[in-house]
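All remarks here apply to the structure that follows.
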Amino acid sequence: MLSGRQRGAGLGGGHDEREQTLNQLLVEMDGFAENEGVIVLAATNRPDVLDKALLRAGRFDRQIVVGMPDVKAREQILEVHSRKKRLADDVDLKVIAKNTSGFAGADLENVLNEAALLAARRNLNEIGMQEIEDAMVKVTMGPEKKTKVRSEKENRLVAYHEAGHAVVSHFLETQDPVHQISIVPRGMAGGYTMYRPTEDKSFMSKTEMEENIVSLLGGRVAESLILNDISTGASNDIERATKIARSMVTKYGMSEKIGTITLGQGQEEVFLGRDFGHTKEYSEETAAIIDEETKKIVDQGYNRAKQILSENVDKLHKVAGVLLEKEKIEADEFEAIFNEQ
């Protein structure tokens, strides 16, 4: 969306005056007049779908990329949004900044606002670290749905599904440590396993992507292994695992059979008007190899998850049992399960 702003004069006044000003603005943007006194600003989160005519020299002289804030920037953002809030002594903005990798500025503001609401509901005079922790979960996963009634069978399925994710991740070196596991429905999720990032990441290795797939499939494997059945609850996990595997093959050159080439540039998302006349950039034979390689990566991830859970089925039962009893497990209690003799 473009917005024009003229210094010293608005677009108010009579109809003829507004039309004259607008025509002048359009002429200046077209390059037929000097750009005196006019500033044109534009913002988008999808620069790849912009008309190239907008990006050629003379239209916009500066292009500023605003990425996700790093840990230092997140701490500074938190300082700004916490100035008018009363924080308890146990609140450490550096710790919060470290634990919110991937959060945008709006997310951080939302966390502090939600924490203030939680403190008010709990009749507290200050916002404590617990309120901020709870707010982070709410912002990430959505509000709890404690009124939703589930059968014992469904609760058991969700408990083993989430325990499967957590136990598998515990044995994968590249995965972040488990922060919290819950079988209380939140948002669109029947349960969730949250991880605490240990660092900001700009790149991902092949090993990390492979182990992401293993972790994602841990829930489906646990269902099959313990309940001797599978459910629709793993649909999003499977979708994400497949997307990672396909990207490894077609985008990142991580398949020996395909080689170090990119296939199908930027066609993951189709926008209205951009799919007409679109043709594939590779043959049907190559497409079959892509499907084969993608399935191979996913199958390898599934088998590794199955091996981990089969060798640690006692831990799987223990985590699921605590979930069925308490509904939630925090990081320290989860780690304690693996330290038991």
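Note that the structure is predicted; figures quoted are calculated from it, not measured.
A single hydrophobic cluster is not seen to contain both Ile96 and Val80; linkage of ILVMFWY side chains at heavy-atom distances under 4.5 Å, directly or through other members, places them apart. Note: the hydrophobic cluster containing Val167 does not contain Tyr192 (ILVMFWY, side chain heavy atoms under 4.5 Å, direct or indirect links). Under a hydrophobic clustering in which Ile, Leu, Val, Met, Phe, Trp and Tyr are joined whenever their side-chain heavy atoms come within less than 4.5 Å, directly or via other members, Val184 and Met136 fall into different clusters. Two different hydrophobic clusters hold Val91 and Leu117 under the rule that ILVMFWY side chains link at heavy-atom gaps under 4.5 Å. Two different hydrophobic clusters hold Val178 and Met141 under the rule that ILVMFWY side chains link at heavy-atom gaps under 4.5 Å.
Considering only heavy atoms from C-beta on, Ile226 stays 4.5 Å or farther from Leu309 through its side chain. For the pair Ile181/Val322, no side-chain contact is recorded, criterion being any heavy-atom separation below 4.5 Å from C-beta on. Here the side chains of Tyr282 and Thr250 are not in contact, with every heavy-atom distance at 4.5 Å or above. Side-chain contact between Met209 and Tyr252: present, with at least one pair of heavy atoms (C-beta onward) separated by less than 4.5 Å. Put simply, the side chain of Arg74 reaches to within 4.5 Å of the side chain of Asp200, judged on heavy atoms. For the pair His317 and Val313, the minimum side-chain heavy-atom distance is below 4.5 Å. Side-chain contact check for Lys296 versus Ser255: every heavy-atom pair is 4.5 Å or farther apart.
Annotation for Tyr195 and Ser169: closest pair OH-OG, 2.9 Å, computed over non-hydrogen atoms. When all heavy atoms of Ile337 and Lys315 are compared, the closest pair comes out as O-NZ, 2.9 Å. Shown here for Gln175 and Ser215, the closest heavy-atom pair between the two residues is OE1-CB, 4.0 Å. The minimum heavy-atom distance linking Ile230 with Ser224 is given by the pair CG2-CB, 3.9 Å.
Here Ile258 contributes atom CD1 and Glu292 contributes atom CD; the two are 9.0 Å apart, rounded to the nearest 0.5 Å. Interatomic distance, Leu323 CG to His161 NE2, rounded to the nearest 0.5 Å: 12.0 Å. Rounding to the nearest 0.5 Å places CD1 of Ile183 at 11.0 Å from NZ of Lys328. In this structure, CG in Asp332 is found 11.0 Å from CG in Asn339, a value given to the nearest 0.5 Å. Expressed to the nearest 0.5 Å, how far CG of Leu93 lies from NE2 of His81 amounts to 12.0 Å. In this structure, Thr286 OG1 and Ile261 CD1 are separated by 7.0 Å, a value rounded to the nearest 0.5 Å.
Phe338 and His170 have parallel rings, their planes meeting at less than 30° on a 0 to 90° scale where 60° marks the start of perpendicular.
With sequence neighbours left out, Asp92 forms a side chain to side chain donor-acceptor pair (under 3.5 Å) with no residue at all.
For the pair Arg196 and Glu133, the salt-bridge criterion is met [side-chain N within less than 4.0 Å of a carboxylate O].
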*In sequence, state the C-alpha distance, the side-chain angles, and the governing distance for Ile297 and Met254, and then conclude on side-chain contact (heavy atoms from CB on, under 4.5 Å).*
CA-CA 10 Å; Ile297 293 172; Met254 294 179 177; over 6 Å; no
*Take Ser101 and Met68 through the side-chain contact (heavy atoms from CB on, under 4.5 Å) test and state the conclusion after the steps.*
CA-CA 9 Å; Ser101 178; Met68 289 296 185; over 6 Å; no
*List the steps and the verdict of side-chain contact (heavy atoms from CB on, under 4.5 Å) for Val95 and Met129.*
CA-CA 10 Å; Val95 173; Met129 202 65 172; 3.8 Å; yes
*Apply side-chain hydrogen bond (donor to acceptor under 3.5 Å, both in side chains) to Asp134 and Gln130, showing your working.*
CA-CA 6 Å; Asp134 293 343; Gln130 185 60 55; 2.9 Å; yes
*Evaluation steps, side-chain contact (heavy atoms from CB on, under 4.5 Å), between Lys72 and Glu75*: CA-CA 5 Å; Lys72 184 63 178 177; Glu75 183 182 348; 4.2 Å; yes
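The backbone N or O of Val221 lies less than 3.5 Å from no partner atom in the side chain of Lys306, so there is not a single donor-acceptor pair. Judged by distance alone, the side chain of Thr140 and the main-chain N or O of Val137 form no donor-acceptor pair under 3.5 Å. The backbone N or O of Glu126 sits nowhere less than 3.5 Å from a side-chain atom of Arg86 that would complete a donor-acceptor pair. Side chain of Glu131 to backbone of Gly128: a donor-acceptor contact under 3.5 angstrom is found. Judged purely by atom type and a 3.5 angstrom limit, Thr193 uses its side chain to pair as donor or acceptor with the backbone of Glu162.
Looking at Asn212 and Glu208, their side chains never bring a donor and an acceptor atom within 3.5 Å of each other. Under 3.5 Å, the side chains of His165 and Asp237 contain a donor-acceptor pair of N or O atoms.
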For a quick test of your reading: what N or O donor-acceptor pairs under 3.5 Å do the side chains of residues 102-113 make, sequence neighbours left out?
from: Asp107; atom 1: OD2; to: Ala104; atom 2: N; distance (Å): 3.0
from: Asn113; atom 1: OD1; to: Lys85; atom 2: NZ; distance (Å): 3.2
from: Asn113; atom 1: ND2; to: Glu109; atom 2: O; distance (Å): 3.4

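Residue pairs meeting the salt bridge (charged side-chain N to carboxylate O under 4.0 Å, His left out) criterion with at least one member in residues 210-233, sequence neighbours excluded: Glu211-Arg304.
Exactly one residue among Ile244, Ile238, Leu217 makes a side chain to side chain contact (heavy atoms under 4.5 Å, CB included) with Val298. That residue is Leu217.
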